[in-house]
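As C-alpha cells, the structure follows; a few thoughts come after it.
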Amino acid sequence: MRFQAPRGTEDVLPADSYKWHKIEDTFREVSRLFGYCEIRTPTFEDTDLFARTAGETSDIVTKQMYTFTDKGDRSITLKPEGTAPAMRALLQHNLCPPGTIVRMSYVTPFFRYERPQKGRLREPHQAGLELVGSASPAADAEIIEITMRFYRELGITETVAMLNSLGRSACRHAFREAILERTKAYLAGQSTEIQEKVRKNPLRLLDSKDPDAQEAVKSVPPVTDFLEDESRQRFDRIQELLTEANVPYRLAPEIVRGLDYYTETVFEVQSTRLGAQSALCGGGRYDDLIAELGGPSTPSVGVGMGIERAIIVMDDLGLFGAPPGPDAFVVQAAQSARAACQGLARTLRDAGLSVLVDIEERSMKSQLRQADKSAARFALILGDEECAKGTVQIKKLGTSEQIESPVGEVLDKLKAMR
RNA sequence: GCGGGUAUAGCUCAGGGGUUAGAGCGCCUGACUGUGGCUCAGGAGGCCGCGGGUUCGAGACCCGCUACCCGCCCCA
C-alpha cells in the first residue's frame, strides 16, 4: 500500500456515511427544535486565539496544537476545539452586544496532536452548541437538556449527564488549596512530573485513574462545600430545572474540564463502551471567555459532542440498523429495452425515487443479483415483451411477489406495494 | 511523550526456516438461452505493512520504521 491516511485520521467510507448522516441529521433537528442556528468558522485561526483561551498549562496548548508559520510569517493553528473560534466570530461580527442572547450550533473537525487510540483521533469531529449572553441557570439546563435529548433520539439511553460545579475564581482558589492540603501525603510519594502537574492545576487530581490518587481525593470535601452563595444557588437551581425537565443526571464531583476557560457548571456524558476514553461529550459554562478575547463580559454555556465516539457507542449498541438501499433497480431484460429502461428510471427519479440502472449490459441474472445486493426495495424488469405491451414487471425484493403493471401506473403501484 | 500487543486476499483469520502461500465470508461466471436470495461447480484476487539483516533458503528468525489495538496520560 503506497499511501495511507495520516496517523490518527479516518476515512468515512461510502458504506458507513449513513451513520454520520444519522448523527448529523439528528443533531440538526434537535438544534432546530431549540432554535439554534449553525455557524461555520475557518479550519485555522491565529495561534494566539487558542493560546489565550485554552489555558497556558493545558495539554492542548502545551503539546497538542498543529501550529505552523504561513508564508506571510503569521502563526497559524488548526482549531483544536470549537468554542473559541465561534466566540471570535461572534465578537468580530458583533453578534452579541450586551443584552442579547445568541444560540449557535456547529459541526466541525478539530485537530490535536494526540497519540491515537480507540475514540481518540488527531482529526476528530464534534457537534457543538453555544448559548451566549445568559447567566441564567435556565441556560445551563437548556444546554444539558438538548444534549441528553440528542443522545436519546440516537437511542443512547443508558447514560446520564454527570454534573459538577467548579465555582468562580475565589471559591475555586479555596478548593484548590483544600485539595493540595488533603493530598499532601499522597503527592509526596509521586514523581516530580505529577507534582508539577497538580501544582499547576490541582483539579486534575480529581479525575485521576490512579487508585491511590482516588483514595487520597476521597478525604477532600466536595467542591460544593466551597461554592459562594450565588454559585451554590445556581447549581441547585440547575438541578431543579433538570429534574423538572426529566433530564437524567447525577452529581459527579470528579468531573473537571481540560480547558481552562470553564467556570461554574461543568458536565459530561460518559460511556463505558469507549475504552480508556470515557467522555461522549463535555461542556459547561464559560463566563470569562469572551472578555478574555477582548469583548464585553458575556456569560455563556456550551457543549461539544464527539461524533466518532457516538458512532462507537451506537455501533456497540447495534443502533444503526441496515444501511439504506435505493427505492428501485431497473433491470434491462433485453438490450433493445435500454432506452425504455433509462426513460423509466428518469421518470421515477423525477418523482423523487432513488433508482439504480445497470450500465455494464450484464445478464439479467447478474442484474437481479446486483439489485438484491444493493438492497433495493423493488426490481423493475423491462424487456421486449414489456416494451411491446407498454408494461413493466414489478418485483418486490425480499418476497417473491411480482406483478405486471402499465408503465404509466408504476409509481402508484410502487406506493401500494410498499 | 512512556509501556505492552498486533500487522498474511476486500473482511475475519490459519500457516512458526524448505518447491507454485491457505480457509471461511465477500466478489465474478455458470447450473434446460427472461427472474435475485438458498445450494452446487468454476474463476479472479496476495510486494505475507515498509526497509535492512541472519541463512544455501525468510511470510516465518533478528533490528529499525510505520500503522493499528490496549494501558499510562489526556479528552470529544
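Each chain gets a letter, A, B and so on, in the order the sequences are listed, and its residues count up from 1.
Pairing each heavy atom of A:G167 with each of A:S231, the nearest pair is CA-OG, 4.2 Å.
Checking B:G17 for Watson-Crick or G-U wobble geometry (two distances, each under 3.5 Å) identifies no partner in any strand. Pair assignment for B:G34: none, as no Watson-Crick or G-U wobble contacts are both less than 3.5 Å. Base pairing of B:U66: its partner is B:A7, meeting the Watson-Crick or G-U wobble criterion (both donor-acceptor distances under 3.5 Å). Across all strands shown, B:G57 has no partner, as no Watson-Crick or G-U wobble contact with both distances under 3.5 Å is found. Here B:C2 sits opposite B:G71 as a Watson-Crick or G-U wobble pair (both hydrogen-bonding atom distances under 3.5 Å). In a base pair of the Watson-Crick type (N1 to N3 plus N6-O4 or O6-N4) or a G-U wobble (N1-O2 and O6-N3), with each distance short of 3.5 Å, B:C47 is matched with no nucleotide. Pair assignment for B:G26 gives none, since no Watson-Crick or G-U wobble pairing has each distance under 3.5 Å.
Within 4.0 Å of A:T399, counting heavy atoms only, lies at least one base atom of the nucleic acid. Nucleic acid contact for A:E81: none, since no nucleic acid atom lies under 4.0 Å from a heavy atom of the residue. Across all strands shown, A:E386 has heavy atoms under 4.0 Å from base atoms, whether or not it also approaches the sugar-phosphate. Counting non-hydrogen atoms under 4.0 angstrom, A:G398 reaches a base of the nucleic acid.
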Legend entry - Letter per nucleotide, 5' to 3', of nucleotides 71-76 of chain B [B base touched, S only sugar-phosphate touched, - untouched; heavy atoms, 4.0 Å]: BBBBBB
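In this structure, A:Q370 places its CD atom 14 Å from P of B:G36, rounding to the nearest Å. Distance A:R369 CZ to B:A31 C1': 11 Å, rounded to the nearest Å. Counting to the nearest Å, the C1' atom of B:U35 and the CD atom of A:Q332 are 15 Å from each other. Rounded to whole angstrom, the span from the NZ atom of A:K395 across to the P atom of B:G37 amounts to 11 Å. The CD-P distance, from A:Q367 to B:C27, rounds to 17 Å in whole Å. Atom pair A:R7:CZ and B:C69:P shows a separation of 9 Å (rounding to whole Å applied). When rounded to the nearest whole Å, the span between CG of A:L356 and C1' of B:G36 equals 14 Å. Rounding to whole angstrom units, NZ of residue A:K389 and P of B:G34 are separated by 15 Å.
Along RNA chain B, the nucleotide nearest A:E10 and the nucleotide nearest A:L382 are compared for position; the residue whose nucleotide lies closer to the 5' end is A:L382. Of the two residues near RNA chain B, A:L397 and A:P6, the one whose nearest nucleotide lies more 5' is A:L397.
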Inset, instruction - Applying ring pair (Phe, Tyr, Trp, His ring centres under 6.0 Å), run through A:F329 and A:F378 and close with a yes or a no. - result: CA-CA 6 Å; A:F329 192 109; A:F378 296 98; over 10 Å; no
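Below the 3.5 angstrom threshold, one finds no donor paired with an acceptor across the side chain of A:K365 and the base of B:U35. Remark: the A:D372 side chain and the B:G37 base include no donor-acceptor N/O pair separated by less than 3.5 Å.
At a threshold of 4.0 Å, the pair A:E385-A:K389 does not count as salt-bridged, since none of the basic side-chain nitrogens sits closer than that to a carboxylate oxygen. Using a cut-off of 4.0 Å between Lys/Arg side-chain N and Asp/Glu carboxylate O, A:D350 and A:R346 are scored as not salt-bridged. Here A:D140 does not pair with A:R237 in a salt bridge; the nearest charged N to carboxylate O distance is not below 4.0 Å. A salt bridge links A:D315 to A:K19: at least one charged side-chain nitrogen sits closer than 4.0 Å to a carboxylate oxygen. Using a cut-off of 4.0 Å between Lys/Arg side-chain N and Asp/Glu carboxylate O, A:E292 and A:R52 are scored as salt-bridged. Taking 4.0 Å as the cut-off between side-chain N and carboxylate O, A:D46 and A:R88 do not count as a salt-bridged pair.
A cation-pi contact, defined as under 6.0 Å to the ring centre and within 45° of the axis, links A:R122 to A:Y113.
The shortest distance between the side-chain N/O atoms of A:S366 and the OP1/OP2 oxygens of B:U29 is below 4.0 Å.
Nucleotides B:C68 and B:C11 place their P atoms 15 Å apart, quoted to the nearest Å. With C1' as the reference atom, B:A31 and B:C69 are 45 Å apart, rounded to whole Å. Distance noted for atom P between B:G46 and B:U39: 27 Å (whole Å). For B:C74 and B:G17, the P atoms lie 44 Å apart once the distance is rounded to whole Å. Atom P of B:C40 sits at a distance of 11 Å from the matching atom of B:G26, rounded to the whole Å. Spacing of P atoms, B:U29 relative to B:A44, comes out at 15 Å, to the nearest Å. Separation of the P atoms belonging to B:A58 and B:C48 is 13 Å when rounded to the nearest angstrom. Only the C1' atoms considered, B:C63 is 22 Å distant from B:C56, to the nearest whole Å.
A:F27 and A:F150 have perpendicular rings, their planes meeting at more than 60° on a 0 to 90° scale where under 30° would count as parallel.
The side chain of A:S363 has B:G30 as its nearest neighbour among B:C70, B:C68, B:G30. Here the nucleotide nearest the side chain of A:A333, chosen from B:C27, B:G1, B:G34, is B:G34.
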